[in-house]
2 protein chains.
Amino acid sequence: MKGIRQLAEHLDISIGTVSRALNGKPDVNEETRRRVLATAEQLGYVANQSGRSLRQGETKVIGLMIESGQETVENADNFFLGVTSGLQSVFARHKLDLLMLPCPGDEDPCEYLKRMVARRVVDAMIISNTLRIDRRVDLLSRAKIPFVAVGRSLSADNFPWIDLDFEGVAERAVERLVARGHRRIAITAPSSDVNLGYVFVESYRRTLERLGVPFDPLLVIRVKSSEQGGYQAAHELLQLEDRPTAVILIYELMAIGLYRRLMESGIRIGRDLAVIGFRDAPRARFLQPSLSCFRMSLYDLGIALGQILLANMPAHRASYPDGGRNIIWPLELVPGESDAFEIGAPA
Amino acid sequence: MKGIRQLAEHLDISIGTVSRALNGKPDVNEETRRRVLATAEQLGYVANQSGRSLRQGETKVIGLMIESGQETVENADNFFLGVTSGLQSVFARHKLDLLMLPCPGDEDPCEYLKRMVARRVVDAMIISNTLRIDRRVDLLSRAKIPFVAVGRSLSADNFPWIDLDFEGVAERAVERLVARGHRRIAITAPSSDVNLGYVFVESYRRTLERLGVPFDPLLVIRVKSSEQGGYQAAHELLQLEDRPTAVILIYELMAIGLYRRLMESGIRIGRDLAVIGFRDAPRARFLQPSLSCFRMSLYDLGIALGQILLANMPAHRASYPDGGRNIIWPLELVPGESDAFEIGAPA
DNA sequence: CTGAAAGCGCTTACAG
DNA sequence: CTGAAAGCGCTTACAG
């Protein structure tokens, strides 16, 4: 089956009527519609998207940008795949398709995004991993492409985003550790300019001060957000004079590398050192002793992201009247054994 | 900047000349070309893809289909993200963009593929996780869409694919274990109809027979290809009378669950039971004792996939004259401690 | 070397 | 309720 023209000829009616029947327009005889739908199904006709897009000015495609550099990939978690299901459940109701746009590692993310947006392959974008200063946010704002970001940024002061509750996580982790007698609490932070690092460390600092524990900048360990970064963090931690009795991690896979390095040096996690991890990744569930960490539903996050995005698309806004623009996404503490001891208590 | 018309008006030349200049056609005055390129850059003009696609009958987009059901996702590894970089490095040379098409968990993969193909959003497809009988292979063959599959299938007898060397892996694993005195060797296999399961178990059976070790169907443990599946496999293994002394795994994450269950029951891996894992996943590197497993480069696999695909696209065939259609992708054994003992040797 | 025109496949006012 | 026609943005023979 080629195009609508062949289908129309086959049915011996005009292409206009075929189009109206296929698109569920009301002014079509029911009998005609049935014939059209049946024949289209039988011949496997589906409208060419380029033709539709050109005429309608929209592609019915939402893009999810991900970064696929080789290094990123080695340590990538399934964050995006997890979010995808939730997003699709929302988009399906509007007959929108989600495509993932993997930015090559050797291409500037902003250039890549610009190219994709200018080519008009998508109607709207989801971006993530937002930097503190992120030109993509400006780009999308200026181009008036509907978008939503996973992560805040300083680049524009009023754009749609959802961010994980890094403040809350750092705050509760610090409170929990201080309550157990810890005074020397280290924290890991990403070495990149990603915005969450600032938020995380800042909340850690504030909470310490509120609880009357001095903030020591030496205890902020900047490493890559990866398993290797966790290994490195443990390594640096072991070098510190007046070694900390606790450490708070920021990225789920860090725990794996950190555990490995600590075990190598004979440190007993949950006895000699308290560890609180960030997100409860499936692949960190095996850790012994079990990791105290924070949990969230990627699926639900995907739903929320989808709703915010649609609320910002002219064609769908009406369906989401209460579409909040910004959400701080809460995480729930899952207590484990990795921080289950009190400083000064008998071993 | 809107379309080519505005750009042409701005330059005060015809849209035809603008188009030719932008597309690098030879019959354009160099001075004119410079002006056009400079102005396009300055105004941020990029050709609307729908217009191009409609006119040229091709989208310059290659689709990589992945399955994004919630369950799949929980256990998904980074296989695809890893392959993506290699694919892109090949496609970039031809100005082709790679998009990932995540099939929703509640949609039939074949219907999804049919829809995407019929809408003509991509010029060619990469599919994976091929089933023993896979309608997608028929669909793509009949629709004459260039494609390449990761994994063989019985559905068509001559289509482009690359498959991991499951035969070789099973064969070498069995040989290695038999050489160390094992006679009761269990193997895991996926519970689904995915083709690799058949290949893997069949090679295991043949190798056992060649080495004079009886094949016992009870030692083929069918479980989900996931961490949980590994846990389950260990569980079933422990129930077997005349318990096996070795087990061969098929999916990288299985090792994690398997280790956990074995540790719970006090079995010493590498002493009481030999384990050989499948692929060397980053997140399995922490396992203690270290896992004997097989290694491959996802990046190189991506390159090979890209080349085979292009060799099957009329527009690019000429660049890949020796584009082999099928490749069995080798894996290299990485010896670890998990099988480092001989049956009958003093403990 | 450049311009004018056709046409890719569709949807949608507009007439009837 | 249906058909004929315009036009979305582009590329490409075809004239000149």
Side-chain angles (χ1 to χ4, degrees), chain A residues 1-37 39-40 43-61 95 115-123 143 315, chain B residues 1-37 39-40 43-61 95 115-123 143 315:
Chain A
M1 172 50 49
K2 284 286 302 307
I4 198 173
R5 180 138 270 129
Q6 284 72 13
L7 180 56
E9 273 171 21
H10 191 274
L11 284 158
D12 203 27
I13 56 180
S14 76
I15 60 168
T17 301
V18 171
S19 174
R20 282 190 293 269
L22 251 24
N23 288 297
K25 301 289 172 183
D27 53 351
V28 177
N29 179 294
E30 268 314 313
E31 169 58 19
T32 308
R33 188 193 304 279
R34 255 194 302 278
R35 277 184 60 220
V36 172
L37 289 175
T39 311
L43 300 181
Y45 171 79
V46 178
N48 177 313
Q49 190 57 42
S50 297
R52 301 190 80 162
S53 298
L54 192 55
R55 171 65 221 234
Q56 304 195 115
E58 56 179 22
T59 62
K60 303 281 187 189
V61 170
K95 295 198 179 294
R115 193 159 59 86
M116 288 299 171
V117 162
R119 281 171 64 185
R120 306 267 149 191
V121 292
V122 299
D123 290 341
Chain B
M1 172 49 49
K2 284 287 301 308
I4 197 172
R5 180 138 271 129
Q6 283 73 13
L7 179 56
E9 274 172 20
H10 192 272
L11 285 158
D12 205 27
I13 55 179
S14 76
I15 61 168
T17 300
V18 171
S19 174
R20 282 190 293 268
L22 252 22
N23 289 296
K25 302 289 173 182
D27 52 352
V28 177
N29 180 295
E30 269 314 312
E31 170 57 19
T32 309
R33 188 193 305 279
R34 257 194 301 278
R35 278 184 60 221
V36 172
L37 289 175
T39 311
L43 300 182
Y45 170 80
V46 177
N48 177 313
Q49 189 57 43
S50 297
R52 299 189 83 161
S53 299
L54 193 53
R55 172 64 221 231
Q56 304 196 116
E58 57 178 22
T59 62
K60 302 279 188 192
V61 170
K95 295 198 180 293
R115 192 158 61 86
M116 288 300 171
V117 162
R119 282 172 63 186
R120 306 266 148 192
V121 291
V122 298
D123 290 342

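To find a chain, count down the sequence lines: A is the first, B the second, and so on, and within it residues start at 1.
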ask   = Of all the base pairs, Watson-Crick or G-U under 3.5 Å, which form stems of three or more consecutive pairs involving DNA chain D?
value =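 In DNA chain D, stems of three or more pairs: C:1-3 with D:14-16, C:5-12 with D:5-12, C:14-16 with D:1-3.
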
Please name all residues satisfying side chain to side chain donor-acceptor pair (under 3.5 Å) with [X], sequence neighbours left out, ordered by chain then number.
X	result
B:Arg55	none
A:Ser19	A:Asn23
A:Arg34	A:Glu31

task = Answer yes or no: is there a side-chain heavy-atom contact under 4.5 Å between A:Val61 and A:Val121?
result = no

ask   = Do the non-hydrogen side-chain atoms of B:Tyr45 and B:Leu22 ever get within less than 4.5 Å of each other?
value =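 The answer is yes, as the side chains (C-beta and beyond) meet within the 4.5 Å cut-off.
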
ask   = In chain order, what residues pass the salt bridge (charged side-chain N to carboxylate O under 4.0 Å, His left out) check against B:Arg33, with sequence neighbours excluded?
value =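 Once residues adjacent in sequence are excluded, the partners of B:Arg33 under the salt bridge (charged side-chain N to carboxylate O under 4.0 Å, His left out) criterion are B:Glu30.
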
task = Look at the side chain of B:Arg35 and the backbone N and O of B:Leu11, then say whether any donor-acceptor pair between them is shorter than 3.5 Å.
result = yes

request  = Indicate the atoms forming the closest heavy-atom contact of B:Thr59 with B:Ser53, along with that distance.
outcome  = CA-OG, 3.5 Å

request  = Indicate whether OP1 or OP2 belonging to D:dC1 is found under 4.0 Å from a side-chain N or O atom of A:Thr32.
outcome  =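 Looking at the OP1 and OP2 atoms of D:dC1, neither is under 4.0 Å from any side-chain N or O of A:Thr32.
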
inquiry  = Return a single string for nucleotides 8-16 of chain C, one symbol per nucleotide in 5' to 3' order, where B is base contact, S is sugar-phosphate-only contact and - is none, cutoff 4.0 angstrom on heavy atoms.
reply    = BBBBBB---

